[in-house]
Amino acid sequence: MTDKRLTLAWFSLALGALGMSALLAVVLVVARIPSPGLGSSWFHTALVLHVTLSVTVWFLAVAAGLWSMNCSGNAWLRWSGFGMALAGTLALTFTPLIGNVRPVLLSYIPLLDHPLFLAGFILLSAGLCLTAACSLIGRPTNDHGAWRLPVTLSALAFLIAIGVFLVDLFRPVRSGHGTFILEQGLWGLGHNLQHVHVLLLMAAWLALGDSALARVSQIKSWLPWIVMAAMVPVAGGPLLTWAAYTGGMESHAWYTSLMRWSTWPAALLLALAMSTGLVRLRRQRRLDDDERALALSVMLFVTGCLLGASIQVDTLNIPAHDHAIVGSVTLAFLMWIRRLAGEMGLLTPDMTPTRGLPAAYGLGMLIIVAGLFGAGLLGIARKTPLVGINPDLSSHWLAMGAVGLGGVIALTAVAIMVFVALRVAYGAWRGSRPRRRDTRLILIGAAALAVALGGWLVKLVPGSYQGGNSYLLEPASEKTRSEIDQRFAQGVVMLHAKQYEHALTAFFRVMEIAPGMPEAYVNAGFSLLGLQRFREAHDLFDYATRLRRDQINAYYGLALALEGIGDLPGALGAMQTYAHLTRKDDPYRAKAEADLVKWRELLRTQKR
């Protein structure tokens with residue numbers, strides 16, 4: 001027998017994270033309204049927490065709940081894993097209350113620049129690893145549903161992803177492009193976790209769509225092979241680490257290609273089979289609320305795949321794709337949790353009004369995706385509030401108004417579902433808690449020990465806190481400041497003298513000892529432009545904008561790099577961002593405006 005209380009605890013943690021992320025989404029939506037916008041003071045911190053809670057914690061806590069259902073035994077180990085994950089989530093959530101923490105907008109797994117946040121990340125990861133390992137080595141349960149295989153494989157995929165991350169984090173960097181150590185490791189981890197999410201999405205569809213799949217008799221014998229096909233790309237992470245991965249900028253392109261070509265085919269095949277079954281089922285009878293929500297989940301996933309294939313420029317088209325995929329997985333998880341609550345005997349009359357809310361959430365997400373896609377067509381950059389940007393007001397209001405409307409629908413549905421579910425879970429927890437054995441003091445002690453251990457582990461992370469005002473990206477001590485100033489000055493002199501190779505040597509040294517200094521990446525990027533190494537220059541300019549979103553000259557260099565690559569739409573978008581942000585008396589503004597006129601004319605000529 002599995003421990004239903006442990007599964008309930010994981011799902012409660014997941015729902016709590018989802019509810020908190022929904023509240024943070026309100027800040028993000030309001031900050032994107034031109035008037036009265038909140039500006040960027042809270043925007044980036046809210047963005048980091050929103051992504052962390054809505055993707056990392058919500059998705060993986062649901063995964064851990066499913067892993068705990070997949071086996072029995074080792075109860076104390078599995079409860080210890082939950083305790084560590086709970087402590088880690090609390091650390092992640094309360095870090096902003098410390099004040100003066102800097103958000104680091106890395107893709108997939110953004111961070112807050114403070115040791116408490118890093119300790120929380122380590123504790124959460126350790127708890128999830130322990131739960132995944134217990135799922136693989138524990139006694140399997142007697143339930144042999146079709147969803148068991150992808151759930152089991154997702155636990156293995158998660159452990160592989162963490163293993164690759166640790167190898168990337170602690171192995172020496174062989175490339176001369178600077179130590180992007182933590183960022184490179186998280187870039188790979190974020191991509192490798194996509195395979196885990198896809199496997200769990202397929203598991204949810206298999207658990208929820210049995211009636212639909214019964215109408216597609218040909219697919220039944222192929223299901224195990226489709227699931228195994230989704231597992232094959234997981235081998236890409238270790239292969240990139242041990243063979244092709246060099247620790248430099250080219251790893252970004254490798255991982256992007258791996259995700260672009262290997263993440264979606266198996267899930268898309270299952271989505272097509274599910275769609276066929278739902279259409280055939282609709283011909284026989286009306287679809288119920290759960291089946292309509294399942295259809296919306298499949299529709300969101302297919303929409304996300306189409307949007308992902310169309311991405312060419314760094315605009316809001318990217319979060320449109322992200323929200324479509326995240327909405328698909330979230331919708332499937334919400335329905336699955338609701339069904340499991342019924343199987344556990346927790347589906348009380350209080351939860352009856354929530355039957356149509358998953359479908360309402362899916363509809364709201366579709367409207368959000370449509371609004372973000374429209375804003376992307378306007379060339380609006382992502383990861384920034386709209387303060388100071390002046391696009392065409394009517395089209396902007398139409399696009400962002402759709403985002404606001406969809407957000408209201410989706411957030412309202414999520415808020416009601418989370419509130420009702422947590423209230424029911426609390427009542428069930430109190431009613432099922434054994435009275436003979438109180439383990440609260442043990443768990444509190446274990447959590448305190450885990451926090452202390454996490455703080456010690458943070459010191460071992462390359463590039464982590466070693467003193468000073470910044471804990472993740474700044475130099476280790478004032479002793480290195482003189483070398484940084486000296487090397488940076490040398491690089492600037494060499495850049496102005498067009499001695500680009502020598503300039504690169506100086507700037508790469510600055511990047512090694514001060515990996516959080518965006519000016520070094522920008523100047524190295526201009527050196528690479530001088531050598532006509534446009535793609536490498538693009539990576540450095542892009543990384544500088546992620547370190548500091550208002551690094552204005554990085555957008556100028558990014559535009560020139562994109563022009564060199566041949567991406568005129570992307571160059572136009574980057575230069576427009578530069579023109580919006582720079583001062584009117586900037587000496588490069590006239591050239592930027594001339595380039596904008598030239599590129600617009602070239603694009604009009606190409607369209608004829």
Side-chain angles (χ1 to χ4, degrees), residues 11 15 18 62 143 145-147 150 200-220 222-223 226 267-306 323-370 402 405-421 424:
F11 286 166
L15 290 168
L18 180 63
V62 172
D143 191 336
W147 60 269
L200 291 169
L201 175 63
M202 295 174 69
W205 285 349
L206 290 173
L208 297 166
D210 47 356
S211 298
L213 290 177
R215 270 69 179 177
V216 190
S217 57
Q218 305 92 328
I219 199 68
K220 186 175 181 180
W222 288 96
L223 285 178
I226 294 175
L268 185 61
L269 184 59
L270 181 59
L272 294 176
M274 194 70 65
S275 301
T276 302
L278 288 170
V279 170
R280 293 176 179 177
L281 189 62
R282 177 64 181 84
R283 292 172 181 171
Q284 299 174 3
R285 59 172 175 81
R286 286 178 58 89
L287 300 180
D288 60 27
D289 292 328
D290 289 347
E291 290 162 347
R292 284 195 291 270
L294 176 60
L296 282 172
S297 175
V298 173
M299 186 183 304
L300 281 166
F301 180 80
V302 175
T303 302
C305 291
L306 294 175
H323 280 75
I325 300 298
V326 169
S328 174
V329 179
T330 296
L331 182 54
F333 282 178
L334 286 172
M335 292 188 298
W336 199 1
I337 290 176
R338 193 177 188 283
R339 174 173 291 191
L340 290 172
E343 295 175 358
M344 294 179 185
L346 302 179
L347 202 58
T348 65
D350 292 340
M351 296 188 68
T352 302
T354 67
R355 288 183 59 86
L357 290 178
Y361 169 82
L363 178 62
M365 291 302 296
L366 278 175
I367 298 174
I368 289 174
V369 169
L405 175 62
V408 169
I409 296 173
L411 293 176
T412 302
V414 165
I416 296 174
M417 284 188 289
V418 168
F419 174 76
V420 173
V424 171

Quick check for you: to the nearest 0.5 Å, what is the distance between [X] atom [atom1] and [Y] atom [atom2]?
X    : Y    : atom1 : atom2 : answer
I416 : L411 : CD1   : CG    : 11.0 Å
L300 : C305 : CG    : SG    : 11.0 Å
S211 : L294 : OG    : CG    : 10.0 Å
L208 : R338 : CG    : CZ    : 11.5 Å
T303 : I325 : OG1   : CD1   : 8.5 Å
L278 : M299 : CG    : CE    : 10.0 Å

Can you name the nearest heavy-atom pair linking [X] to [Y], along with the distance?
X    : Y    : value
A146 : L206 : O-CD1, 3.7 Å
L287 : R292 : O-NH1, 2.5 Å
V216 : A273 : CG2-O, 3.6 Å
A271 : V302 : CB-CG2, 4.4 Å
V418 : L15  : CG1-O, 3.4 Å
A293 : P358 : CB-CB, 4.0 Å

Please enumerate all residues that pass side-chain hydrogen bond (donor to acceptor under 3.5 Å, both in side chains) together with [X], with sequence neighbours excluded.
X    : value
R285 : E291
Q284 : R215
W336 : none

_Derivation and outcome, side-chain contact (heavy atoms from CB on, under 4.5 Å), residues L296 and L331_ = CA-CA 8 Å; L296 282 172; L331 182 54; 3.7 Å; yes
*Flag the pair S328 / L201 as yes when at least one side-chain heavy-atom distance between them is below 4.5 Å, and no otherwise.*
yes
*Considering only heavy atoms from C-beta outward, does the side chain of L18 approach that of L334 to under 4.5 Å?*
yes
*Identify which one of F301, W147, F333 satisfies the ring pair (Phe, Tyr, Trp, His ring centres under 6.0 Å) criterion when paired with W205.*
F301
_Under 3.5 Å: donor-acceptor pair, side chain of R339, backbone of A207_ = yes
_Evaluate V62 against V329 for side-chain contact (heavy atoms from CB on, under 4.5 Å), listing each step before the verdict._
CA-CA 11 Å; V62 172; V329 179; over 6 Å; no
